[in-house]
K.L.:
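Before anything else, here's the structure in question.
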Amino acid sequence: GAGVSQSPRYKVAKRGQDVALRCDPISGHVSLFWYQQALGQGPEFLTYFQNEAQLDKSGLPSDRFFAERPEGSVSTLKIQRTQQEDSAVYLCASSSQGGNSYNEQFFGPGTRLTVL
Amino acid sequence: DAKTTQPNSMESNEEEPVHLPCNHSTISGTDYIHWYRQLPSQGPEYVIHGLTSNVNNRMASLAIAEDRKSSTLILHRATLRDAAVYYCILRDSNSGYALNFGKGTSLLVTP
């Protein structure tokens, strides 16, 4: 079956540009997560949605980062006025039930963002 | 979240067993032990998880120490496709929806 998909797979932006990264979770999955992975590091949590509600955005690094999931399915991560330190792989994951300690998270392939 | 400690890298020969260690001396009674792995240029994928008892699935086995302060992920016969970064993650049963990956162990499998 279809897994988590993300688009674009690669994005190059000039410093100061706005970017939008899309995540299509597995159909019917309630929970959706965004992670940021810098080169050579493990992924770091950014934000969590349960259906359309953003329950945790504590990992967003600045107010330039904004995520939404208006209809409880597709999600978009938007970064305004991109900076070089935003260069990373952005990973989306979904889970079939509400967030808890044992539900498996299914990850997409990520979007590699390079800010010049 | 309680922290985990893993070796930075390990190496194995193809078709031999691999034991990947993880220390978590500050684990609490409500923490589940999860393992994910990340193949090159891919997103992480779930491998296995457990609470107290050893666990087996089609991918691997998880051996948990009796005091739960350490665990070992066992790949019974490593293949070249198993070359990846392996992450040992603790998730609290009350609030552990986010995965705290750390740096993981980079496993190299040689023919």
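The model shown is predicted, which means the values in this text are computed figures rather than measured ones. Reckoned from all heavy atoms, side chains included, excluding hydrogens, waters and symmetry mates.
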K.L.:
A/R81: which residues meet the salt bridge (Lys or Arg N to Asp or Glu O under 4.0 Å) condition with it, sequence neighbours left out?
P.N.:
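A/R81: no salt bridge (Lys or Arg N to Asp or Glu O under 4.0 Å) contacts found.
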K.L.:
Counting only heavy atoms closer than 4.5 Å, note whether B/S41 contacts chain A via side chain, backbone, both or neither.
P.N.:
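B/S41 touches chain A through backbone heavy atoms alone.
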K.L.:
Using every non-hydrogen atom in the two residues, find where A/Q37 and B/Y87 come nearest and quote the distance to one decimal.
P.N.:
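In this case the closest contact between A/Q37 and B/Y87 is NE2-OH, 3.6 Å.
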K.L.:
Describe, in one word, how the ring planes of B/Y36 and A/F107 are oriented to each other, choosing from parallel (under 30°), tilted (30 to 60°) and perpendicular (over 60°).
P.N.:
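Ring orientation, 0 to 90° scale: perpendicular.
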K.L.:
Please determine, among B/S106, B/G43, B/P44, the option with the most heavy-atom pairs under 4.5 Å with chain A.
P.N.:
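Among B/S106, B/G43, B/P44, the one with the most close pairs to chain A is B/P44.
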K.L.:
Nearest 0.5 Å please: distance from the CD atom of A/Q105 over to the CD1 atom of B/I89.
P.N.:
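Reported value, rounded in 0.5 Å steps: 8.5 Å.
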K.L.:
Kindly compute the distance separating NE2 (B/H49) from CD (A/E104), expressed to the nearest 0.5 Å.
P.N.:
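That separation rounds to 9.5 Å.
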K.L.:
Taking only residues two or more places apart in sequence, or in another chain, which ones meet A/E44 in a side-chain contact (heavy atoms from CB on, under 4.5 Å)?
P.N.:
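With neighbours one apart ignored, the set is empty.
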K.L.:
In Å, rounded to the nearest 0.5 Å, how long is the span from OH of B/Y97 to CZ of A/F45?
P.N.:
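If I round to the nearest 0.5 Å, the distance is 5.5 Å.
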K.L.:
Quick one: are the ring centres of A/Y35 and B/F101 less than 6.0 Å apart?
P.N.:
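Yes, the ring centres sit under 6.0 Å apart.
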K.L.:
Determine whether A/F106 and A/L32 fall in the same hydrophobic cluster, where Ile, Leu, Val, Met, Phe, Trp and Tyr are linked whenever their side-chain heavy atoms lie under 4.5 Å apart.
P.N.:
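Different hydrophobic clusters.
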K.L.:
Using non-hydrogen atoms and a 4.5 Å limit, figure out which bit of A/P109 sits close to chain B: side chain, backbone, both or neither.
P.N.:
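Just its backbone gets close to chain B.
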K.L.:
Quick check for you: to the nearest 0.5 Å, what is the distance between A/N103 atom CG and B/H34 atom NE2?
P.N.:
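A/N103 CG to B/H34 NE2: 8.5 Å, rounded to 0.5 Å.
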